[in-house]
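Notes follow the structure.
As the structure lists them, so they are numbered: ligands from 1, and atoms in each ligand from 1.
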Amino acid sequence: MPRVPVKLVSWEEVVEWSRGLARVIKQSGYKPTVVIAVARGGYVPARLLCDFLGVENLLSIQSQHWTEAAKASEKAVLKFPYRVDLRGHRALLVDDIVDTGETLILARDYVAREWGPEELRIATLQWISSVAKLKPDFYYMEVKDWVWFQYPWTRLEDVTQFIRRMLQEHSRETGQREWSYEEIKRLFKEWYGIEVEEFYYQDALEMLVESGLLEKTGDRYRLRT
Ligand code: AMP
């Protein structure tokens, strides 16, 4: 059993799920005139929904809650608040997933109050129904057991954070401070239950060296702090 439940999501699944979500929206009879992507996770699904629903208007708003993979920060914040006039528009607010729901609650309230669309609905690929404080109007998949969806657009960021946490924790537990590249890959599979393309491990480790967390000697990586 991996320590953190992770579902590795492929680009093909993202397209399939977004198309499925578009069909749910179509069947409901709701015809949005503008799509609003919640940055950053909503960008790809929002763009695909524009394609599948034939919507030309695409805006974005950045509401952020989870600053680290599989670790929520305290409070959702709205970055770069700005105003646009959406009077007369039917809006569709799109994100990848509703987990706690904090991100979308903040974005929804802001858009409704400051942008004033005639109608506002929410669509996400996933809805974690067991924990979410908000149920999206449209979703493609209801998730009952919490899992981290490792979407392809955040793969390097997630792998980097996963490796950092894994090495720090492993070091605390065993006292080990140095690992070979192959050992890190093996531990990663054990901890997260997934494997990613080779270049992700390489780029993630390069980032951890650049950030000063690790020191590289030959093919070995050593914790510096
Ligand atoms: P929340 O405010 O808790 O609903 O978190 C929403 C945002 O955090 C989403 O837009 C995702 O980008 C990210 N996120 C939260 N939980 C997960 C998860 N279980 N898997 C993948 N991404 C997540």
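Remark: ligand 1 atoms within the under-4.0 Å shell around heavy atoms of I128 are 19 (N). Residue Y151 approaches ligand 1 through these ligand atoms, each under 4.0 Å from one of its heavy atoms: 21 (C). Close approach to T103 involves these atoms of ligand 1, each under 4.0 Å from a residue heavy atom: 1 (P), 2 (O), 5 (O), 6 (C), 7 (C). The ligand atoms of ligand 1 that sit less than 4.0 angstrom from a heavy atom of W146 are 19 (N). Residue D95 has at least one heavy-atom neighbour below 4.0 Å for each of these atoms of ligand 1: 10 (O). Each of the atoms 9 (C), 10 (O), 11 (C), 12 (O) of ligand 1 lies under 4.0 Å from some heavy atom of D96.
In summary, E119 and R90 do not engage in a salt bridge, as defined by a charged side-chain N under 4.0 Å from a carboxylate O. Taking a cutoff of 4.0 Å between a charged side-chain nitrogen and a carboxylate oxygen, E198 and K185 qualify as a salt bridge. Remark: E173 engages R3 in a salt bridge, criterion side-chain N to carboxylate O under 4.0 Å. Using a 4.0 Å cut-off between a side-chain N of Lys or Arg and a carboxylate O of Asp or Glu, R40 and E157 qualify as a salt bridge.
Taking the six-membered ring for Trp and the full ring otherwise, the centers of F138 and W127 sit at least 6.0 Å from each other.
Not one N or O of V98 is nearer than 3.5 Å to an N or O of ligand 1, by distance alone. At least one N or O atom of V147 sits closer than 3.5 Å to an N or O atom of ligand 1. Considering both main-chain and side-chain atoms, L104 never comes within under 3.5 Å of ligand 1 through any nitrogen or oxygen pair.
Note that NZ of K189 and CZ of R186 are 11.5 Å apart. Values are rounded to the nearest 0.5 Å.
Heavy-atom distances between G101 and ligand 1 reach below 4.0 Å in at least one pair.
For the pairing with K7, the side-chain hydrogen bond (donor to acceptor under 3.5 Å, both in side chains) check across Q126, E13, Q150 returns one residue only, E13.
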